[in-house]
Protein chains: 2
Amino acid sequence: MSFKRMNPLALAVLALLAERPMHPYEMAQTMRERHQEEVIKLNYGSLYTVVEQLAKHELITASATQKAGNRPERTVYAITDTGTAELHDWLRELIAVPAKEYPRFEAGISMVGLLPPDDALAVVEQRCAAVDEQLTALAVLLERLAGMGLPQLAWIELDYRMAMLRAERAWLTWFATATREGAVGGYDHWEGKHR
Amino acid sequence: MSFKRMNPLALAVLALLAERPMHPYEMAQTMRERHQEEVIKLNYGSLYTVVEQLAKHELITASATQKAGNRPERTVYAITDTGTAELHDWLRELIAVPAKEYPRFEAGISMVGLLPPDDALAVVEQRCAAVDEQLTALAVLLERLAGMGLPQLAWIELDYRMAMLRAERAWLTWFATATREGAVGGYDHWEGKHR
DNA sequence: TCCCAAATACTCGGTGCCGAGTATACGCAC
DNA sequence: GTGCGTATACTCGGCACCGAGTATTTGGGA
């Protein structure tokens, strides 16, 4: 049975090993330093599972078990040729084919009619504020990264996320206004039910 | 131990039972009819697990086991008062507080530098086309729903999704152009590496 | 009236994922 | 030199989730 592309953490592992051989714990460190854990969910349990999985399918191989000082043994892994091929192919797929995801907010907003309009307005405004905060935090981060001389390509995913957050904020603002003015289609019935 | 809000499917169950008592299979049917399964992942295994969970915490109760015709027994559930409270509170949280999610595309685009610029351009253009298709499909669906006399509030989540898709398309278009023209920050180094 | 496809209603074994826990080693203070 | 907090490196039990599979019933065509 061939390798199944599920946990994106496996992709991150391949990408890291494409740079140089590492042991799992070092991968985690590196991902933290580079703020990759903001884009790909990282935790130890999954990391070791995923590494084992990749090794089983020979996309990576245990290249050495070193012993520095008196610390416990560490297994250092290296990427194989099939691994490199898999990395590129997976990456292409991830970008080219939009995956079906289920954002929590979509689920929430689809049922907003269950809340009285006042409450709905309040929570939407709360979210709008939260999104605004994330947006300014991101702007600050971008400023810092650019200031450090990092090229745009190094933080392109943040650029994307900012664009998405801006779009969400715009939509939230529209919805809040429409609700406040009773201008959202079906408002009368909505308002009537909750009285 | 109190009820843990994890699977949004549980929220859908509460919402359906807020309308009228149902048995699990009927919930699935109703969700399908209303295209709710596009917003909330539905499958039988999870459905029955989630219903059991809700019952254990007394957010819903088995109100009857009917036997229509000679079919197997069906357990009909009804929402309780605590259940209704939970529904509203969960809904408020879901809308007000942006959840940390890990969209696959962000993971992918963050590593786009590993692909040669030509390949990158190609896959981004593929995605752009795919997003475009989704967008027109959505537009058609909206047309139909509005034509059926459904108020905007009934398909507000599709409105939101369209806004997000439009934003993504815009970003993809920008990135494709920038790549084609070598205008993305760090392009020279990128192009140099892959030769 | 007989047969078969589709619908009904649910079950259950397997798998991925998680994160708190463990155990050792290093470094710094006093 | 001894105590203690932090860093290193990994493990393991458990739980949510999944979806193919099962068993029965209904409907409709030949």
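Keep in mind that the numbers below use all heavy atoms, side chains included, and drop hydrogens, waters and symmetry copies. Throughout, protein chains are lettered first and strands after them, A, B, ... in sequence-line order, and every chain is numbered starting at 1.
- A cation-pi geometry, defined here as NZ or CZ lying under 6.0 Å from the six-membered ring centre and within 45° of its normal, does not hold between A:Arg74 and A:Tyr25.
- Distance A:Met31 CE to D:dA9 P: 17 Å, rounded to the nearest Å.
- Among the protein residues, A:Gln29 comes within range of the sugar-phosphate backbone only, with heavy atoms under 4.0 Å from sugar or phosphate atoms but none that close to a base.
- The distance between atom CZ of A:Arg32 and atom C1' of D:dA7, rounded to the nearest whole Å, is 13 Å.
- Taking atom CZ of A:Arg5 as the reference point, atom P of C:dG16 lies 16 Å away to the nearest angstrom.
- In this structure, the CG atom of A:Leu9 is 12 Å from the C1' atom of C:dC18, given to the nearest Å.
- Rounded to an integer number of Å, the gap from B:Met22 CE to C:dC10 P is 14 Å.
- Under the 3.5 Å distance criterion, the side-chain polar atoms of A:His57 are left unmatched by any main-chain donor or acceptor of A:Glu52.
- Rounded to a whole Å, the OH atom of A:Tyr48 is 15 Å from the C1' atom of C:dA20.
- Atom CD of A:Glu19 is separated from atom CG of B:Leu114 by 8.5 Å, given to the nearest 0.5 angstrom.
- Put simply, A:Tyr25 has no side-chain N or O that comes within less than 4.0 Å of OP1 or OP2 on D:dC10.
- Evaluation of the side chain to side chain donor-acceptor pair (under 3.5 Å) test over residues 177-193 of chain A, restricted to residues two or more places apart or in two chains, returns A:Glu125-A:Arg180, A:Glu191-A:Arg195.
- Under the 3.5 Å distance criterion, with hydrogens and angles disregarded, no donor-acceptor pair is assigned to the side chains of A:Ser63 and A:Thr61.
- Put simply, NE2 on A:His23 is 7 Å from P on D:dC10, counting in whole angstrom units.
- Atom CD in A:Glu52 sits about 14 Å away from atom C1' in C:dT15, given to the nearest Å.
- Rounding to the nearest 0.5 Å gives a distance of 9.0 Å between CE of B:Met27 and CG of B:Leu14.
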Could you run down the sub-3.5 Å N/O contacts of the protein with nucleotides 14-16 of chain D?
none

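- Across residues 36-47 of chain B, B:Lys41, B:Asn43, B:Gly45, B:Ser46 each have a non-hydrogen atom less than 4.0 Å from an atom of DNA chain D (numbered order).
- For the residue pair A:Asp81 and A:Thr84, no side-chain donor N or O sits within less than 3.5 Å of a side-chain acceptor on the partner.
- Between A:Ala18 and A:Leu87, the shortest heavy-atom contact is CB-CD2, 4.0 Å.
- In this structure, B:Tyr160 has its ring center no closer than 6.0 Å to that of A:Phe175.
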